[in-house]
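Chain naming here is simple, since letters A, B, ... match the order of the sequence lines and numbering starts at 1 in each. Since the model is a prediction, treat every value here as computed from it, not as a measurement. Excluded from the calculations below are hydrogen atoms, water molecules and symmetry mates; all remaining heavy atoms, backbone and side chain alike, are included.
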Protein chains: 2
Amino acid sequence: MEKELGIFSGYETCPVRNVLDRFGDKWSVLVLLALGGVEKMRFNELYKTIGSISQKMLTSTLRVLEADGLVSRTIYPEIPPRVEYKLTERGKSLLVYIHGLVGWAKENMEAIKESREQFDRR
Amino acid sequence: MEKELGIFSGYETCPVRNVLDRFGDKWSVLVLLALGGVEKMRFNELYKTIGSISQKMLTSTLRVLEADGLVSRTIYPEIPPRVEYKLTERGKSLLVYIHGLVGWAKENMEAIKESREQFDRR
DNA sequence: CGGCATCCCCTCAGATACTG
DNA sequence: CAGTATCTGAGGGGATGCCG
């Protein structure tokens, strides 16, 4: 039985937890940002663009994003197969807020790095 | 040797990766949100407010946030000891963008849940 | 009260190999 | 090309116990 106390209680109903459980992972945001820069992208393009992600993680990340309706997946039954991914409108609406975070990150990264080094030296 | 390709390359210099590595965890955002609601909070208050977090994770999360200069930690040498946590100005500036995400989450959670169920039923 | 240290489980992510 | 399948190791994170 899960502990059910506090303002963030209830995994089922709490939007914060719900969102964090999905995008609080290593890759989702990077995939969304990569797709945000262009109209559409094929699997291997994403794979190369992001870099350092494994095929396995890219696949599973895309599946989650697709399930949430943030990314659309279109299969072209050709040989060799072609699959195109693109942001849905919902995905684009989320990206707005992610860009807010990215902007903050860029502005504050240097100061944060200094804080970290100072903290480590204590 | 790490693969160094793609637009997000270079963990050291990429703000996106840097930020994600820190706040892309299970608890940081929840702690920031909890502290965002009040002036200051003691350890046990945070512990009870968040609920379902363990002492260990709360401690380590707070240490990271402190190292990054997002949260300040003040020790009062009393008996019994008292430690107060509060957001720094930098922490407050980040919270603005987190609230943006939270707002998006609240607006879209229902639609996302439906998408997930539809996806699972395929 | 507010931790840190230890133990331990068990998930998750990487590597590799294979397939339609 | 765009994935699956399988194995395996590292480490995230919980439970417990001790300390200033």
Consider side-chain contact (heavy atoms from CB on, under 4.5 Å). Of B:Val102, B:Leu87, B:Leu70, which one does B:Leu95 pass it with?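 That would be B:Leu87; it is the only one of B:Val102, B:Leu87, B:Leu70 passing the side-chain contact (heavy atoms from CB on, under 4.5 Å) with B:Leu95.
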Apply the salt bridge (charged side-chain N to carboxylate O under 4.0 Å, His left out) test between A:Lys86 and each candidate in A:Glu45, A:Glu39, A:Glu66; give the one that qualifies.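 It is A:Glu39; the other options fail the test.
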What is the distance, to the nearest angstrom, from the [atom1] atom on [X] to the [atom2] atom on [N]?
X	N	atom1	atom2	answer
A:Leu46	D:dC1	CG	P	14 Å
B:Asp25	D:dG11	CG	P	16 Å
A:Met41	D:dA2	CE	C1'	15 Å
B:Gln55	D:dG17	CD	C1'	11 Å
B:Tyr47	C:dG2	OH	P	12 Å
B:Phe43	C:dC1	CZ	C1'	10 Å
B:Glu84	C:dC1	CD	P	15 Å
A:Lys56	C:dT19	NZ	P	18 Å

At less than 4.0 Å, is any side-chain N or O atom of [X] found next to OP1 or OP2 of [N]? Yes or no.
X	N	value
B:Tyr85	C:dC1	no
A:Arg63	D:dT4	yes
A:Arg82	D:dA2	no

If you only use heavy atoms from C-beta on, which nucleotide in [options] is closest to the side chain of [X]?
X	options	result
A:Trp27	C:dG14, C:dG3, D:dA2	C:dG14
B:Arg73	C:dG2, D:dC1, C:dG3	C:dG3
B:Pro81	D:dT4, D:dC1, D:dG20	D:dG20
B:Asn44	C:dG3, C:dG2, D:dC1	C:dG2

Between A:Met41 and A:Thr49, is any pair of side-chain heavy atoms under 4.5 Å apart?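 They are in side-chain contact.
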Report yes if the side chains of A:His99 and A:Leu33 come closer than 4.5 Å at any heavy-atom pair, otherwise no.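 Of all side-chain heavy-atom pairs linking A:Leu33 with A:His99, at least one is under 4.5 Å.
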Taking NZ, NE, NH1 and NH2 as the nitrogens, is one of them in B:Glu84 or B:Arg82 under 4.0 Å from a carboxylate oxygen of the other?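 Yes.
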